[in-house]
Amino acid sequence: MPFSRTARPTARAALRDARPVPLWLDAPDRPAPQPSLEGHVQADLAVVGAGFTGLWTALLAKQADPQRDVVVLEAGRVGHAASGRNGGFCSASLTHGLANGSERFGAELPRLLDLGRENLAGMRADLAAHGVDCGFEPVGDLVAATDPHHVDELQELRQLAETHGEAVTWLDRDAVRALVASPRYLAGLQSDGETALVDPARLAWGLAAACRRLGVRIHEGTAVTRLERHGAGLRLSSAGGAVTAGRAILATNAFPPLLRRLRHYVVPVYDYVLATAPLPADVRRSLGWSGRQGISDAGNQFHYYRLTADDRVVFGGYDAVYYRGNGFGADREQRPASFELLAEHLVETFPQLEGTPITHAWGGAIDTCTRFTAFWGTAFGGRLAYVAGYTGLGVGASRFGARVALDLLTGRPTELTRLEMVRTRPLPFPPEPLRGIGIDLMRWSLDRADRHGGRRNLWLRALDRVGLGFDS
Ligand SMILES: Cc1cc2nc3c(=O)[nH]c(=O)nc-3n(C[C@H](O)[C@H](O)[C@H](O)COP(=O)(O)OP(=O)(O)OC[C@H]3O[C@@H](n4cnc5c(N)ncnc54)[C@H](O)[C@@H]3O)c2cc1C
(Lines give C-alpha, C1' and ligand atoms only; values in the text may rest on other atoms or scores of the structure.)
Protein backbone atom coordinates (compact mmCIF):
# COMPACT_ATOMS: atom_id res chain seq x y z
CA MET A 1 0.00 0.00 0.00
CA PRO A 2 1.40 3.47 -0.82
CA PHE A 3 2.39 5.72 2.07
CA SER A 4 -0.19 8.24 3.28
CA ARG A 5 -0.45 11.71 1.81
CA THR A 6 -1.48 13.30 5.08
CA ALA A 7 -0.30 13.10 8.65
CA ARG A 8 -2.46 12.17 11.63
CA PRO A 9 -2.50 14.50 14.67
CA THR A 10 -0.38 12.02 16.67
CA ALA A 11 2.39 12.19 14.06
CA ARG A 12 2.27 15.97 14.16
CA ALA A 13 2.37 15.91 17.97
CA ALA A 14 5.62 13.91 17.92
CA LEU A 15 7.27 16.90 16.24
CA ARG A 16 6.21 19.38 18.89
CA ASP A 17 9.61 19.81 20.52
CA ALA A 18 11.81 19.09 17.48
CA ARG A 19 14.82 21.35 17.17
CA PRO A 20 15.14 22.92 13.70
CA VAL A 21 18.79 21.88 13.30
CA PRO A 22 20.57 18.79 11.97
CA LEU A 23 21.11 16.21 14.70
CA TRP A 24 24.74 15.73 13.66
CA LEU A 25 25.69 19.40 13.91
CA ASP A 26 23.89 19.83 17.25
CA ALA A 27 26.87 18.59 19.27
CA PRO A 28 28.42 20.32 22.27
CA ASP A 29 31.90 19.40 21.04
CA ARG A 30 31.47 21.01 17.62
CA PRO A 31 34.91 22.48 16.84
CA ALA A 32 35.37 26.23 17.23
CA PRO A 33 35.42 28.12 13.92
CA GLN A 34 38.68 28.88 12.17
CA PRO A 35 39.39 32.58 11.54
CA SER A 36 38.13 34.10 8.33
CA LEU A 37 40.57 35.26 5.68
CA GLU A 38 42.02 38.70 6.32
CA GLY A 39 44.38 40.31 3.82
CA HIS A 40 46.22 38.81 0.92
CA VAL A 41 47.81 35.36 0.99
CA GLN A 42 49.40 33.02 -1.51
CA ALA A 43 49.05 29.28 -1.97
CA ASP A 44 49.82 26.54 -4.45
CA LEU A 45 46.27 25.23 -4.29
CA ALA A 46 43.09 27.01 -3.16
CA VAL A 47 39.98 24.97 -2.43
CA VAL A 48 36.55 26.63 -2.34
CA GLY A 49 34.19 24.82 0.05
CA ALA A 50 34.84 22.78 3.20
CA GLY A 51 32.35 19.97 2.74
CA PHE A 52 33.55 16.45 2.03
CA THR A 53 34.72 17.27 -1.50
CA GLY A 54 36.82 20.27 -0.48
CA LEU A 55 38.25 18.54 2.59
CA TRP A 56 39.16 15.35 0.70
CA THR A 57 40.75 17.50 -2.00
CA ALA A 58 42.93 19.25 0.55
CA LEU A 59 43.82 16.04 2.38
CA LEU A 60 44.65 14.02 -0.74
CA ALA A 61 46.66 16.92 -2.19
CA LYS A 62 48.73 17.12 0.99
CA GLN A 63 49.16 13.35 1.19
CA ALA A 64 50.48 13.29 -2.37
CA ASP A 65 52.79 16.26 -1.84
CA PRO A 66 53.38 17.44 1.73
CA GLN A 67 55.22 20.53 0.44
CA ARG A 68 52.17 21.78 -1.45
CA ASP A 69 50.72 24.86 0.22
CA VAL A 70 46.95 24.39 0.45
CA VAL A 71 44.27 26.89 1.57
CA VAL A 72 40.58 26.06 2.04
CA LEU A 73 38.02 28.89 1.89
CA GLU A 74 34.62 28.15 3.38
CA ALA A 75 31.68 30.56 3.30
CA GLY A 76 30.03 29.13 6.43
CA ARG A 77 31.39 26.50 8.80
CA VAL A 78 33.19 23.24 8.06
CA GLY A 79 30.57 20.64 7.09
CA HIS A 80 27.60 22.92 7.74
CA ALA A 81 25.92 22.19 4.40
CA ALA A 82 25.05 18.85 2.77
CA SER A 83 28.09 17.18 4.34
CA GLY A 84 26.88 17.77 7.89
CA ARG A 85 23.17 17.16 7.33
CA ASN A 86 22.92 13.95 5.29
CA GLY A 87 21.83 10.44 6.20
CA GLY A 88 25.42 9.23 6.60
CA PHE A 89 25.01 6.35 4.12
CA CYS A 90 28.52 5.96 2.75
CA SER A 91 28.16 3.85 -0.36
CA ALA A 92 30.80 2.32 -2.59
CA SER A 93 28.66 3.31 -5.56
CA LEU A 94 30.04 6.14 -7.67
CA THR A 95 26.99 6.07 -9.95
CA HIS A 96 24.03 6.69 -7.63
CA GLY A 97 23.39 2.98 -7.46
CA LEU A 98 23.82 0.00 -9.72
CA ALA A 99 20.72 0.44 -11.88
CA ASN A 100 21.62 4.03 -12.76
CA GLY A 101 25.23 3.07 -13.42
CA SER A 102 24.18 0.23 -15.67
CA GLU A 103 21.79 2.42 -17.68
CA ARG A 104 24.25 5.22 -18.21
CA PHE A 105 27.72 3.69 -18.25
CA GLY A 106 27.05 0.04 -19.18
CA ALA A 107 30.41 -0.87 -20.70
CA GLU A 108 32.38 1.02 -18.10
CA LEU A 109 30.35 -0.15 -15.12
CA PRO A 110 32.64 -3.04 -14.06
CA ARG A 111 35.57 -0.63 -13.80
CA LEU A 112 33.44 1.96 -11.97
CA LEU A 113 32.35 -0.69 -9.50
CA ASP A 114 35.97 -1.66 -8.81
CA LEU A 115 36.94 1.98 -8.43
CA GLY A 116 34.03 2.51 -6.05
CA ARG A 117 35.07 -0.42 -3.86
CA GLU A 118 38.68 0.78 -3.91
CA ASN A 119 37.43 4.24 -2.95
CA LEU A 120 35.48 2.95 0.06
CA ALA A 121 38.44 0.83 1.19
CA GLY A 122 40.81 3.77 0.64
CA MET A 123 38.52 6.01 2.63
CA ARG A 124 38.47 3.57 5.51
CA ALA A 125 42.27 3.34 5.44
CA ASP A 126 42.63 7.14 5.35
CA LEU A 127 40.25 7.56 8.27
CA ALA A 128 42.23 5.05 10.31
CA ALA A 129 45.57 6.59 9.33
CA HIS A 130 44.43 10.08 10.35
CA GLY A 131 42.52 9.01 13.46
CA VAL A 132 39.17 10.30 12.14
CA ASP A 133 36.50 8.90 14.46
CA CYS A 134 33.18 9.22 12.66
CA GLY A 135 31.56 6.01 13.87
CA PHE A 136 32.29 4.20 10.57
CA GLU A 137 30.07 1.07 10.66
CA PRO A 138 30.41 -1.28 7.65
CA VAL A 139 26.91 -2.66 8.17
CA GLY A 140 25.72 -2.92 4.57
CA ASP A 141 22.31 -1.92 3.35
CA LEU A 142 18.82 -3.29 2.92
CA VAL A 143 16.36 -2.24 0.23
CA ALA A 144 12.82 -3.03 1.33
CA ALA A 145 9.82 -3.65 -0.92
CA THR A 146 6.83 -1.90 0.63
CA ASP A 147 4.45 -2.25 -2.32
CA PRO A 148 3.71 -5.39 -4.34
CA HIS A 149 5.26 -3.99 -7.54
CA HIS A 150 8.53 -3.36 -5.71
CA VAL A 151 9.03 -7.09 -5.31
CA ASP A 152 9.59 -7.62 -9.05
CA GLU A 153 11.73 -4.50 -9.25
CA LEU A 154 13.90 -5.83 -6.42
CA GLN A 155 14.25 -9.17 -8.21
CA GLU A 156 15.60 -7.29 -11.24
CA LEU A 157 18.02 -5.44 -9.01
CA ARG A 158 19.08 -8.73 -7.46
CA GLN A 159 19.90 -10.14 -10.91
CA LEU A 160 21.84 -7.05 -11.85
CA ALA A 161 23.77 -7.19 -8.57
CA GLU A 162 24.59 -10.86 -9.01
CA THR A 163 25.73 -10.26 -12.60
CA HIS A 164 28.20 -7.73 -11.23
CA GLY A 165 29.47 -9.92 -8.41
CA GLU A 166 27.81 -8.08 -5.52
CA ALA A 167 27.13 -10.19 -2.45
CA VAL A 168 23.36 -9.82 -2.07
CA THR A 169 20.83 -11.87 -0.13
CA TRP A 170 17.18 -12.15 -1.14
CA LEU A 171 14.78 -12.01 1.80
CA ASP A 172 11.16 -13.00 1.40
CA ARG A 173 8.43 -11.41 3.46
CA ASP A 174 8.98 -13.50 6.58
CA ALA A 175 12.76 -13.32 6.38
CA VAL A 176 12.88 -9.56 5.97
CA ARG A 177 10.41 -9.00 8.81
CA ALA A 178 12.41 -11.33 11.02
CA LEU A 179 15.43 -9.13 10.35
CA VAL A 180 13.72 -5.76 10.80
CA ALA A 181 10.23 -5.73 12.24
CA SER A 182 8.20 -3.60 9.88
CA PRO A 183 4.69 -4.72 8.94
CA ARG A 184 5.10 -2.91 5.61
CA TYR A 185 7.90 -5.09 4.30
CA LEU A 186 7.02 -7.54 1.53
CA ALA A 187 10.57 -8.56 0.58
CA GLY A 188 14.09 -7.24 0.91
CA LEU A 189 17.45 -7.25 -0.79
CA GLN A 190 20.37 -7.11 1.57
CA SER A 191 23.80 -6.14 0.34
CA ASP A 192 26.86 -6.62 2.52
CA GLY A 193 30.06 -4.70 2.25
CA GLU A 194 29.01 -1.99 -0.22
CA THR A 195 27.72 0.53 2.35
CA ALA A 196 28.98 1.85 5.67
CA LEU A 197 27.24 4.26 7.99
CA VAL A 198 29.01 7.31 9.37
CA ASP A 199 28.25 10.30 11.56
CA PRO A 200 28.68 12.82 8.74
CA ALA A 201 29.47 15.90 10.82
CA ARG A 202 32.19 14.00 12.68
CA LEU A 203 33.57 12.89 9.33
CA ALA A 204 33.79 16.50 8.14
CA TRP A 205 35.26 17.75 11.42
CA GLY A 206 37.74 14.86 11.53
CA LEU A 207 38.86 15.50 7.96
CA ALA A 208 39.29 19.20 8.72
CA ALA A 209 41.40 18.41 11.80
CA ALA A 210 43.53 15.98 9.76
CA CYS A 211 44.02 18.64 7.07
CA ARG A 212 45.13 21.18 9.64
CA ARG A 213 47.58 18.75 11.20
CA LEU A 214 49.15 18.40 7.74
CA GLY A 215 49.47 22.18 7.46
CA VAL A 216 46.36 23.07 5.44
CA ARG A 217 45.00 26.52 6.34
CA ILE A 218 41.22 26.59 6.65
CA HIS A 219 39.34 29.89 6.70
CA GLU A 220 35.69 29.71 7.73
CA GLY A 221 33.24 32.58 7.28
CA THR A 222 35.00 33.32 3.99
CA ALA A 223 32.72 33.41 0.96
CA VAL A 224 34.62 33.64 -2.30
CA THR A 225 32.87 36.32 -4.32
CA ARG A 226 35.11 36.54 -7.35
CA LEU A 227 37.40 34.28 -9.34
CA GLU A 228 39.77 35.70 -11.94
CA ARG A 229 43.01 34.98 -13.75
CA HIS A 230 46.08 36.34 -12.05
CA GLY A 231 49.41 35.91 -13.83
CA ALA A 232 49.94 32.18 -14.35
CA GLY A 233 47.39 31.37 -11.66
CA LEU A 234 44.13 32.62 -10.18
CA ARG A 235 42.93 35.15 -7.69
CA LEU A 236 40.06 34.29 -5.36
CA SER A 237 38.56 37.28 -3.57
CA SER A 238 36.40 37.47 -0.46
CA ALA A 239 35.08 40.41 1.58
CA GLY A 240 38.13 40.40 3.86
CA GLY A 241 40.97 39.44 1.52
CA ALA A 242 42.18 37.42 -1.42
CA VAL A 243 44.20 34.33 -2.23
CA THR A 244 46.42 34.08 -5.24
CA ALA A 245 47.00 30.46 -6.09
CA GLY A 246 48.55 28.50 -8.91
CA ARG A 247 45.54 26.20 -9.05
CA ALA A 248 42.07 26.04 -7.53
CA ILE A 249 39.27 23.57 -7.03
CA LEU A 250 35.62 24.47 -6.79
CA ALA A 251 33.79 22.17 -4.35
CA THR A 252 30.60 24.14 -3.78
CA ASN A 253 28.01 21.43 -4.55
CA ALA A 254 24.43 22.81 -4.72
CA PHE A 255 25.35 26.40 -3.81
CA PRO A 256 24.86 29.19 -6.35
CA PRO A 257 27.98 28.55 -8.43
CA LEU A 258 30.87 30.93 -9.02
CA LEU A 259 31.07 29.57 -12.56
CA ARG A 260 27.88 30.49 -14.40
CA ARG A 261 28.00 27.43 -16.66
CA LEU A 262 27.27 25.17 -13.69
CA ARG A 263 23.78 26.69 -13.36
CA HIS A 264 22.72 24.70 -16.42
CA TYR A 265 23.75 21.38 -14.94
CA VAL A 266 22.88 21.46 -11.24
CA VAL A 267 19.61 22.20 -9.48
CA PRO A 268 19.34 22.42 -5.68
CA VAL A 269 16.76 19.90 -4.48
CA TYR A 270 15.75 20.01 -0.82
CA ASP A 271 15.57 16.78 1.11
CA TYR A 272 14.14 16.59 4.65
CA VAL A 273 15.13 14.47 7.63
CA LEU A 274 13.95 13.65 11.18
CA ALA A 275 15.73 12.14 14.16
CA THR A 276 13.91 10.53 17.07
CA ALA A 277 14.96 10.64 20.68
CA PRO A 278 17.19 7.69 21.73
CA LEU A 279 14.86 4.69 21.82
CA PRO A 280 14.03 3.09 25.17
CA ALA A 281 15.52 -0.43 25.35
CA ASP A 282 12.18 -2.24 24.91
CA VAL A 283 11.21 -0.16 21.87
CA ARG A 284 14.67 -0.66 20.38
CA ARG A 285 14.38 -4.43 20.90
CA SER A 286 10.96 -4.49 19.27
CA LEU A 287 12.49 -3.35 15.96
CA GLY A 288 14.88 -6.29 15.65
CA TRP A 289 17.39 -4.64 13.29
CA SER A 290 20.35 -6.16 15.14
CA GLY A 291 22.51 -5.83 12.00
CA ARG A 292 21.95 -2.03 12.06
CA GLN A 293 21.83 -1.95 8.24
CA GLY A 294 21.16 1.30 6.43
CA ILE A 295 17.65 0.86 4.98
CA SER A 296 15.79 2.41 2.09
CA ASP A 297 12.46 1.52 0.58
CA ALA A 298 12.08 0.90 -3.09
CA GLY A 299 9.65 3.58 -4.34
CA ASN A 300 10.52 6.39 -6.73
CA GLN A 301 9.91 8.61 -3.74
CA PHE A 302 11.89 6.63 -1.22
CA HIS A 303 12.68 6.91 2.46
CA TYR A 304 16.10 6.15 3.89
CA TYR A 305 16.65 5.37 7.56
CA ARG A 306 19.24 4.18 10.00
CA LEU A 307 20.18 3.91 13.65
CA THR A 308 22.65 6.25 15.34
CA ALA A 309 25.31 5.36 17.89
CA ASP A 310 22.84 6.21 20.69
CA ASP A 311 20.01 4.28 19.01
CA ARG A 312 17.91 7.04 17.59
CA VAL A 313 16.23 6.49 14.24
CA VAL A 314 17.20 8.99 11.55
CA PHE A 315 14.47 8.96 8.89
CA GLY A 316 14.58 11.06 5.72
CA GLY A 317 13.70 11.39 2.07
CA TYR A 318 10.40 10.98 0.20
CA ASP A 319 9.71 14.63 -0.62
CA ALA A 320 12.38 16.06 -2.91
CA VAL A 321 11.51 19.71 -3.32
CA TYR A 322 12.71 22.02 -6.05
CA TYR A 323 12.06 25.72 -5.48
CA ARG A 324 11.61 27.63 -8.73
CA GLY A 325 14.55 29.61 -10.08
CA ASN A 326 17.11 27.34 -8.36
CA GLY A 327 15.74 28.65 -5.04
CA PHE A 328 18.34 28.25 -2.34
CA GLY A 329 18.94 29.34 1.24
CA ALA A 330 18.50 28.65 4.93
CA ASP A 331 14.78 29.55 4.80
CA ARG A 332 14.20 26.38 2.74
CA GLU A 333 15.71 24.10 5.39
CA GLN A 334 12.46 23.95 7.39
CA ARG A 335 9.33 22.58 5.71
CA PRO A 336 6.62 21.58 8.20
CA ALA A 337 4.53 19.75 5.58
CA SER A 338 7.47 17.46 4.72
CA PHE A 339 8.31 16.89 8.39
CA GLU A 340 4.71 15.92 9.20
CA LEU A 341 4.57 13.51 6.30
CA LEU A 342 7.88 11.94 7.35
CA ALA A 343 6.64 11.62 10.95
CA GLU A 344 3.56 9.82 9.63
CA HIS A 345 5.59 7.53 7.34
CA LEU A 346 7.99 6.72 10.19
CA VAL A 347 5.11 5.31 12.23
CA GLU A 348 3.60 3.57 9.20
CA THR A 349 6.97 1.84 8.78
CA PHE A 350 7.46 1.17 12.48
CA PRO A 351 4.20 1.33 14.49
CA GLN A 352 6.38 0.54 17.50
CA LEU A 353 7.55 4.17 17.33
CA GLU A 354 4.10 5.70 17.88
CA GLY A 355 4.57 8.28 20.62
CA THR A 356 8.37 8.42 20.33
CA PRO A 357 9.34 12.10 20.32
CA ILE A 358 11.19 13.56 17.37
CA THR A 359 14.01 15.73 18.59
CA HIS A 360 15.44 17.13 15.34
CA ALA A 361 13.92 18.09 11.98
CA TRP A 362 16.03 19.59 9.22
CA GLY A 363 16.54 19.92 5.49
CA GLY A 364 19.41 20.36 3.11
CA ALA A 365 20.15 20.95 -0.54
CA ILE A 366 21.17 18.14 -2.86
CA ASP A 367 23.06 18.97 -6.07
CA THR A 368 20.84 17.11 -8.52
CA CYS A 369 21.98 16.69 -12.11
CA THR A 370 20.13 14.85 -14.86
CA ARG A 371 22.35 11.76 -14.75
CA PHE A 372 22.55 11.57 -10.90
CA THR A 373 26.33 11.16 -10.81
CA ALA A 374 29.19 13.58 -10.34
CA PHE A 375 30.58 15.36 -13.36
CA TRP A 376 33.81 17.29 -13.68
CA GLY A 377 35.36 20.05 -15.74
CA THR A 378 38.06 22.68 -15.90
CA ALA A 379 38.01 26.43 -16.48
CA PHE A 380 40.48 29.32 -16.76
CA GLY A 381 42.73 27.35 -19.10
CA GLY A 382 42.99 24.37 -16.78
CA ARG A 383 43.90 26.40 -13.68
CA LEU A 384 40.59 25.53 -12.02
CA ALA A 385 38.81 22.18 -11.76
CA TYR A 386 35.33 21.57 -10.45
CA VAL A 387 33.16 18.65 -9.48
CA ALA A 388 29.42 18.64 -8.70
CA GLY A 389 26.24 16.69 -9.32
CA TYR A 390 26.54 13.76 -6.89
CA THR A 391 22.76 13.96 -6.39
CA GLY A 392 21.86 12.17 -3.12
CA LEU A 393 24.91 9.88 -2.99
CA GLY A 394 28.04 11.90 -2.35
CA VAL A 395 29.27 10.81 1.08
CA GLY A 396 31.59 8.16 -0.36
CA ALA A 397 31.75 9.45 -3.95
CA SER A 398 33.08 12.85 -2.85
CA ARG A 399 36.47 11.32 -2.10
CA PHE A 400 36.58 9.96 -5.64
CA GLY A 401 35.30 13.31 -6.93
CA ALA A 402 38.23 15.01 -5.22
CA ARG A 403 40.78 12.53 -6.64
CA VAL A 404 39.55 13.10 -10.18
CA ALA A 405 39.49 16.88 -9.77
CA LEU A 406 43.12 16.80 -8.58
CA ASP A 407 44.06 14.63 -11.58
CA LEU A 408 42.37 17.12 -13.92
CA LEU A 409 44.48 19.93 -12.50
CA THR A 410 47.69 18.18 -13.54
CA GLY A 411 46.65 18.62 -17.18
CA ARG A 412 47.92 15.13 -17.96
CA PRO A 413 45.55 12.29 -18.85
CA THR A 414 45.28 9.66 -16.13
CA GLU A 415 43.31 6.45 -15.83
CA LEU A 416 40.60 8.41 -14.02
CA THR A 417 40.37 11.35 -16.40
CA ARG A 418 40.05 8.95 -19.32
CA LEU A 419 36.87 7.41 -17.91
CA GLU A 420 33.74 8.07 -19.94
CA MET A 421 32.02 9.16 -16.72
CA VAL A 422 34.67 11.85 -16.29
CA ARG A 423 34.88 12.95 -19.94
CA THR A 424 31.13 13.33 -20.44
CA ARG A 425 28.58 15.62 -18.87
CA PRO A 426 24.94 15.28 -17.95
CA LEU A 427 22.31 16.81 -20.20
CA PRO A 428 21.61 20.37 -19.06
CA PHE A 429 18.32 21.34 -17.46
CA PRO A 430 16.25 23.72 -19.60
CA PRO A 431 16.04 27.37 -18.46
CA GLU A 432 13.12 28.63 -16.35
CA PRO A 433 10.16 28.59 -16.55
CA LEU A 434 10.49 25.25 -18.40
CA ARG A 435 12.86 23.92 -15.75
CA GLY A 436 10.35 24.35 -12.91
CA ILE A 437 7.41 23.14 -14.96
CA GLY A 438 9.31 20.07 -16.15
CA ILE A 439 10.51 19.17 -12.64
CA ASP A 440 7.01 19.59 -11.16
CA LEU A 441 5.56 17.41 -13.88
CA MET A 442 8.22 14.81 -13.25
CA ARG A 443 7.58 14.78 -9.48
CA TRP A 444 3.85 14.48 -10.07
CA SER A 445 4.44 11.61 -12.52
CA LEU A 446 6.79 9.78 -10.12
CA ASP A 447 4.20 10.05 -7.33
CA ARG A 448 1.55 8.73 -9.71
CA ALA A 449 3.78 5.83 -10.73
CA ASP A 450 4.33 4.99 -7.04
CA ARG A 451 0.55 4.86 -6.55
CA HIS A 452 -0.20 2.90 -9.74
CA GLY A 453 1.93 -0.19 -9.58
CA GLY A 454 5.10 1.56 -10.78
CA ARG A 455 3.67 2.29 -14.25
CA ARG A 456 5.58 5.16 -15.86
CA ASN A 457 3.48 7.60 -17.86
CA LEU A 458 4.31 9.00 -21.30
CA TRP A 459 6.22 11.95 -19.87
CA LEU A 460 8.51 9.74 -17.78
CA ARG A 461 9.02 7.30 -20.64
CA ALA A 462 9.93 10.15 -22.98
CA LEU A 463 12.44 11.51 -20.48
CA ASP A 464 13.83 8.00 -19.88
CA ARG A 465 14.48 7.72 -23.61
CA VAL A 466 16.60 10.88 -23.74
CA GLY A 467 18.32 10.15 -20.42
CA LEU A 468 16.87 13.08 -18.48
CA GLY A 469 16.07 12.27 -14.88
CA PHE A 470 15.14 13.78 -11.56
CA ASP A 471 16.09 12.15 -8.27
CA SER A 472 17.41 12.87 -4.82
C1 LIG B 1 19.38 15.85 3.52
C2 LIG B 1 20.48 15.18 2.75
C3 LIG B 1 20.66 13.80 2.87
C4 LIG B 1 21.68 13.16 2.17
N5 LIG B 1 21.93 11.84 2.42
C6 LIG B 1 23.01 11.25 1.85
C7 LIG B 1 23.39 9.94 2.23
O8 LIG B 1 22.83 9.33 3.15
N9 LIG B 1 24.43 9.37 1.56
C10 LIG B 1 25.11 10.03 0.58
O11 LIG B 1 26.04 9.46 0.00
N12 LIG B 1 24.82 11.31 0.27
C13 LIG B 1 23.81 11.95 0.89
N14 LIG B 1 23.55 13.25 0.62
C15 LIG B 1 24.43 13.96 -0.33
C16 LIG B 1 25.77 14.32 0.32
O17 LIG B 1 25.54 14.93 1.57
C18 LIG B 1 26.54 15.27 -0.60
O19 LIG B 1 26.68 14.66 -1.87
C20 LIG B 1 27.93 15.60 -0.09
O21 LIG B 1 27.90 16.03 1.24
C22 LIG B 1 28.54 16.68 -0.99
O23 LIG B 1 29.68 17.21 -0.36
P24 LIG B 1 30.28 18.55 -0.92
O25 LIG B 1 31.51 18.85 -0.17
O26 LIG B 1 30.44 18.43 -2.41
O27 LIG B 1 29.16 19.65 -0.68
P28 LIG B 1 28.74 20.50 0.63
O29 LIG B 1 28.83 19.70 1.86
O30 LIG B 1 27.44 21.13 0.30
O31 LIG B 1 29.86 21.60 0.72
C32 LIG B 1 29.93 22.69 -0.16
C33 LIG B 1 30.56 23.82 0.65
O34 LIG B 1 30.91 24.89 -0.22
C35 LIG B 1 30.74 26.09 0.51
N36 LIG B 1 30.61 27.19 -0.44
C37 LIG B 1 29.66 27.34 -1.40
N38 LIG B 1 29.88 28.47 -2.11
C39 LIG B 1 31.00 29.04 -1.58
C40 LIG B 1 31.73 30.20 -1.88
N41 LIG B 1 31.37 31.03 -2.87
N42 LIG B 1 32.83 30.50 -1.14
C43 LIG B 1 33.22 29.66 -0.14
N44 LIG B 1 32.56 28.54 0.19
C45 LIG B 1 31.46 28.23 -0.53
C46 LIG B 1 29.47 25.85 1.30
O47 LIG B 1 29.35 26.74 2.39
C48 LIG B 1 29.60 24.39 1.69
O49 LIG B 1 30.17 24.23 2.98
C50 LIG B 1 22.52 13.92 1.28
C51 LIG B 1 22.34 15.29 1.15
C52 LIG B 1 21.33 15.93 1.88
C53 LIG B 1 21.17 17.41 1.74
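Numbering of residues begins at 1 and proceeds along the displayed sequence. In listed order, ligands and their atoms are each counted from 1.
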Would you mind listing which atoms of ligand 1 come within a distance below 4.0 Å of any non-hydrogen atom of [X]?
| X | answer |
| --- | --- |
| V273 | 1 (C) |
| D271 | 1 (C), 2 (C), 3 (C) |
| L393 | 10 (C), 11 (O), 12 (N) |
| H80 | 46 (C), 47 (O), 48 (C), 49 (O) |
| G51 | 25 (O), 29 (O), 31 (O) |
| T53 | 23 (O), 24 (P), 25 (O), 26 (O) |
| Y390 | 19 (O), 26 (O) |
| A223 | 42 (N), 43 (C) |

May I ask you to identify, for [X], whether its side chain, its backbone, both or neither come under 4.0 Å of ligand 1 on a heavy-atom basis?
| X | value |
| --- | --- |
| A251 | backbone |
| V48 | side chain |
| S91 | neither |
| L73 | backbone |
| Y272 | neither |
| S398 | neither |

How far is [atom] from the closest protein heavy atom, and which atom is that?
| atom | result |
| --- | --- |
| atom 19 (O) of ligand 1 | G394 CA, 3.1 Å |
| atom 53 (C) of ligand 1 | G364 C, 3.4 Å |
| atom 51 (C) of ligand 1 | I366 CG1, 3.5 Å |
| atom 45 (C) of ligand 1 | A75 CB, 3.7 Å |
| atom 4 (C) of ligand 1 | N86 CB, 3.0 Å |
| atom 34 (O) of ligand 1 | G49 CA, 3.3 Å |

Quick check against the 3.5 Å criterion: does N119 have a side-chain atom that pairs as donor or acceptor with the backbone of G396?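 Flag set: sc N119 to bb G396 pair under 3.5 Å.
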Is the side chain of T414 donor-acceptor paired with the backbone N or O of T417 at a distance under 3.5 Å, no angle test?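 Pair found, side chain donor or acceptor close to backbone of T417.
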For [X] and [Y], does a side-chain donor sit closer than 3.5 Å to a side-chain acceptor?
| X | Y | result |
| --- | --- | --- |
| D69 | Q42 | no |
| T359 | R312 | yes |
| Q301 | H345 | no |

For ligand 1, is G316 a contact, meaning one of its heavy atoms is under 4.0 Å away?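 It does not, in that no heavy atom of G316 comes within the 4.0 Å cut-off of ligand 1.
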Could you tell me if any non-hydrogen atom of T222 lies under 4.0 Å from any atom of ligand 1?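 Judged by the 4.0 Å heavy-atom criterion, T222 does count as contacting ligand 1.
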So, regarding [X] and ligand 1 (criterion: nitrogen or oxygen to nitrogen or oxygen, under 3.5 Å), is there a contact or not?
| X | answer |
| --- | --- |
| G396 | no |
| F255 | no |
| G87 | yes |
| G392 | yes |
| V395 | yes |
| V224 | yes |
| F89 | yes |
| E74 | yes |

For [atom], state which one of [options] supplies the nearest heavy atom.
| atom | options | result |
| --- | --- | --- |
| atom 20 (C) of ligand 1 | S83, A388, P22 | S83 |
| atom 38 (N) of ligand 1 | T252, L227, L250 | T252 |
| atom 22 (C) of ligand 1 | D367, N253, T391 | N253 |

Cation-pi between R261 and Y386: NZ/CZ under 6.0 Å from ring centre and within 45° of the ring axis?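 No; the conditions do not both hold, so R261 does not lie above the ring face of Y386.
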Would one find more than 12 heavy atoms of other residues, nucleotides or ligands at under 6.0 Å from atom CZ of R263?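 Check fails, neighbour count at 12 or below.
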More than 12 foreign heavy atoms under 6.0 Å from CG of D133: is that the case here?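 At most 12 heavy atoms, drawn from other residues, nucleotides or ligands, come within 6.0 Å of this atom.
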Salt bridge (Lys or Arg N to Asp or Glu O under 4.0 Å) between E194 and R117: does it pass, once the steps are laid out? CA-CA 7 Å; E194 304 276 329; R117 290 174 190 133; 3.0 Å; yes
Take T391 and C369 through the test side chain to side chain contact (heavy atoms under 4.5 Å, CB included) and record every step on the way to the result. CA-CA 6 Å; T391 314; C369 72; 4.2 Å; yes
Ring-plane angle category for F375 and Y265, please: parallel below 30°, perpendicular beyond 60°, tilted otherwise.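 F375 vs Y265 ring planes: tilted.
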Can you name the residues that form a side-chain contact (heavy atoms from CB on, under 4.5 Å) with L189, not counting sequence neighbours?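 With neighbours one apart ignored, the set is L154, L157, R158, V168, W170.
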Who passes side-chain contact (heavy atoms from CB on, under 4.5 Å) against D29, sequence neighbours left out?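 Once residues adjacent in sequence are excluded, the partners of D29 under the side-chain contact (heavy atoms from CB on, under 4.5 Å) criterion are A27, R202.
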Does the pair D311 and R292 meet the rule for a salt bridge (Lys or Arg N to Asp or Glu O under 4.0 Å), with working shown? CA-CA 10 Å; D311 278 341; R292 300 176 57 83; 2.9 Å; yes
From F89 atom CZ to T195 atom OG1, the distance as rounded to the nearest 0.5 Å: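 Answer for the CZ-OG1 pair, F89 versus T195, is 8.0 Å.
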Pick one: which of Y322, Y323, W362 meets ring pair (Phe, Tyr, Trp, His ring centres under 6.0 Å) with Y270?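 Only one option passes, and that is Y323.
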Under a 4.0 Å N-O cut-off, is there an ion pair linking R111 with E118?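 The answer is yes: the pair qualifies as a salt bridge.
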Decide if the gap between the ring center of F350 and the ring center of Y305 is smaller than 6.0 angstrom.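 Ring centroids of F350 and Y305 are less than 6.0 Å from each other.
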Output, in order, the C-alpha distance, side-chain angles, deciding distance and verdict of side chain to side chain contact (heavy atoms under 4.5 Å, CB included) for W376 and L419. CA-CA 11 Å; W376 293 261; L419 290 168; over 6 Å; no
